[in-house]
Amino acid sequence: MRFFSISSLARLIYPDALFRIKTREKILYLTFDDGPDPESTPELLEILEKHNIKAAFFCDGRAAELYPGLVQKIRGKGHQVGNHGYNHLNGWGTSLRDYYNDVEYASRFTSGKLFRPPYGLLRINQYRRLRNNFKIVFWDVMPYDFDRDFKPERSLKILYDRIRPGSVIVLHDRQESTSKVFLNEFLEGSAKMGYTFTCPGLQ
């Protein structure tokens, strides 16, 4: 079963985490997971620059260590860099100590302020430990752009159907993701719907 939005129960379990910005204005927050990637990252940055839109890139620590120039380029274009862990660990299957150490190590190459749990899976004790140092960011809309069974048109439809004022959208910055295929169309289409984008530290 696929979940295009995180359940309301998770919002109760992680009350200080960010899922959606509370606003009535038609503002969206665009984020990307799993990069940087030498193929997809430059393409995504070019599309964003074309529309003068800033996003948050939650970078995989291993990739960030391997491609520091791309991390620097993301920052240089005015985007936020977030922490997505070093080894992309599943929090439910990892001890508190190992999980925390993994995130802390990734912060050397990514961010010590913003963190998004890989898979969106986080134990309560991990959440309580990490929230002392990080703003924990989940999402409001995920169109499964990383899923090979999803065509770009389907992901695009999910976005159009589910965005709302304050939505935090998660796409993926990796070669197999279709985000770079439909991103330009989505940015143009959402603008016609009256939406704008912002990302100043995800407020």
Side-chain angles (χ1 to χ4, degrees), residues 18 20-21 23 25-84 106-107 109-116 135 137-147 150-203:
L18 179 63
R20 173 178 170 245
I21 306 295
T23 181
E25 297 182 57
K26 298 185 79 172
I27 299 172
L28 301 173
Y29 297 79
L30 192 59
T31 70
F32 296 88
D33 285 1
D34 298 345
D37 175 81
E39 179 180 303
S40 62
T41 303
E43 291 185 50
L44 294 172
L45 291 176
E46 184 176 345
I47 296 170
L48 293 172
E49 186 169 25
K50 173 185 174 182
H51 293 272
N52 194 28
I53 288 172
K54 305 305 179 186
F57 286 75
F58 287 87
C59 295
D60 180 288
R62 294 166 298 182
E65 183 180 17
L66 188 60
Y67 303 112
L70 285 176
V71 177
Q72 186 176 12
K73 186 173 183 179
I74 291 169
R75 288 196 173 103
K77 295 290 185 180
H79 305 287
Q80 292 287 326
V81 171
N83 186 329
H84 200 43
S107 69
F109 313 104
T110 59
S111 169
K113 296 180 179 180
L114 296 175
F115 172 66
R116 171 171 284 153
K135 175 181 285 188
V137 183
F138 287 91
W139 59 86
D140 184 49
V141 182
M142 178 168 61
Y144 282 78
D145 55 302
F146 60 88
D147 192 326
F150 269 54
K151 293 184 178 180
E153 300 80 20
R154 187 177 180 189
S155 292
L156 185 61
K157 185 178 186 306
I158 291 167
L159 286 172
Y160 285 146
D161 288 347
R162 292 184 174 268
I163 54 173
R164 53 183 174 164
S167 283
V168 176
I169 299 165
V170 58
L171 301 176
H172 292 79
D173 176 14
R174 58 192 194 203
Q175 292 181 26
E176 61 269 30
S177 168
T178 59
S179 61
K180 56 186 176 291
V181 176
F182 63 77
L183 179 59
N184 186 71
E185 184 176 352
F186 171 62
L187 297 180
E188 291 178 348
S190 56
K192 291 178 181 177
M193 296 167 66
Y195 283 100
T196 59
F197 290 80
T198 189
C199 187
L202 297 185
Q203 294 187 341

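Nothing fancy with the numbering, it's 1 onward along the sequence.
With sequence neighbours excluded, the residues forming a side-chain hydrogen bond (donor to acceptor under 3.5 Å, both in side chains) with D145 are H172, S177, listed by chain and number. Every salt bridge (charged side-chain N to carboxylate O under 4.0 Å, His left out) that K157 has, sequence neighbours left out, goes to D161. Residues satisfying the ring pair (Phe, Tyr, Trp, His ring centres under 6.0 Å) test with F182, not counting sequence neighbours, are none. The ring pair (Phe, Tyr, Trp, His ring centres under 6.0 Å) test applied to F57 returns F32, H79, not counting sequence neighbours. Residues passing the side-chain hydrogen bond (donor to acceptor under 3.5 Å, both in side chains) test with R164, sequence neighbours excluded: D140. Here E49 pairs with K77 under the side-chain contact (heavy atoms from CB on, under 4.5 Å) rule; sequence neighbours left out. Take K26 and apply the salt bridge (charged side-chain N to carboxylate O under 4.0 Å, His left out) test, not counting sequence neighbours, and it matches no residue. For the side-chain hydrogen bond (donor to acceptor under 3.5 Å, both in side chains) test, residues two or more places apart in sequence or in another chain that qualify with S40 are D37, D173. Scored by the side-chain hydrogen bond (donor to acceptor under 3.5 Å, both in side chains) test, R20 finds no partners at all (sequence neighbours excluded). For E176, the salt bridge (charged side-chain N to carboxylate O under 4.0 Å, His left out) partners two or more places apart in sequence, or in a different chain, are R174.
Here the shortest heavy-atom pairing between K50 and N184 reads NZ-OD1, 3.1 Å. Heavy atoms only, all atoms of each residue included: L30 and L171 are closest at CD1-CD1, 3.9 Å. Heavy atoms only, all atoms of each residue included: F150 and P143 are closest at CD2-O, 3.6 Å. Nearest heavy atoms, V170 versus W139: CG1-CG, 3.5 Å. Across all their heavy atoms, S167 and R162 have their closest contact at OG-O, 4.1 Å. Minimum interatomic distance between T110 and G82 (heavy atoms only, all atoms of both residues): CB-O, 3.5 Å.
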Requested in this report: Would you sort out whether M193 and I163 count as a side chain to side chain contact (heavy atoms under 4.5 Å, CB included), showing the intermediate values?
Outcome: CA-CA 10 Å; M193 296 167 66; I163 54 173; 4.1 Å; yes

Query raised in the report: What do the steps show when you test Y195 against I27 for side chain to side chain contact (heavy atoms under 4.5 Å, CB included), and what is the final call?
Result: CA-CA 6 Å; Y195 283 100; I27 299 172; over 6 Å; no

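With 3.5 Å as the limit, one finds a donor-acceptor pair spanning the side chains of R116 and T31.
Side-chain atoms of F58 and L114, non-hydrogen and from C-beta on, do get closer than 4.5 Å to each other. The side-chain heavy atoms of E25 and P165, taken from C-beta on, include no pair separated by under 4.5 Å. Using a 4.5 Å heavy-atom threshold, the side chains of K54 and T198 count as separate. Between C59 and I74, some side-chain heavy-atom pair lies under the 4.5 Å cut-off. Inter-residue side-chain proximity for N83 and K113 is flagged as unmet; no heavy-atom pair is nearer than 4.5 Å.
Between the side chain of S111 and the main chain of S107, no donor-acceptor pair closer than 3.5 Å is present.
Applying the salt bridge (Lys or Arg N to Asp or Glu O under 4.0 Å) definition to pairs two or more places apart or across chains, none involves residues 38-47. Applying the side chain to side chain donor-acceptor pair (under 3.5 Å) test to residues at least two apart or on different chains, the pairs with a partner in residues 64-75 are E65-Y86.
Just one residue in the list I21, V141, L187, I169 forms a side chain to side chain contact (heavy atoms under 4.5 Å, CB included) with L28, and that residue is I169.
Interatomic distance, OG1 of T196 versus CG of N52, reported as 11.5 Å (0.5 Å rounding). Atom CG of residue L18 and atom NZ of residue K135 lie 6.5 Å apart, to the nearest 0.5 angstrom. Put simply, CG on D147 and OG1 on T178 are 9.0 Å apart, with the number rounded to the nearest 0.5 Å. Atoms CG and CD1, from L183 and I47 in turn, are 4.5 Å apart once rounded to the nearest 0.5 Å. Annotation: the span from C199 atom SG to Q80 atom CD amounts to 5.5 Å, rounded to 0.5 Å.
For Y144 and F146, the distance between ring centers is under 6.0 angstrom.
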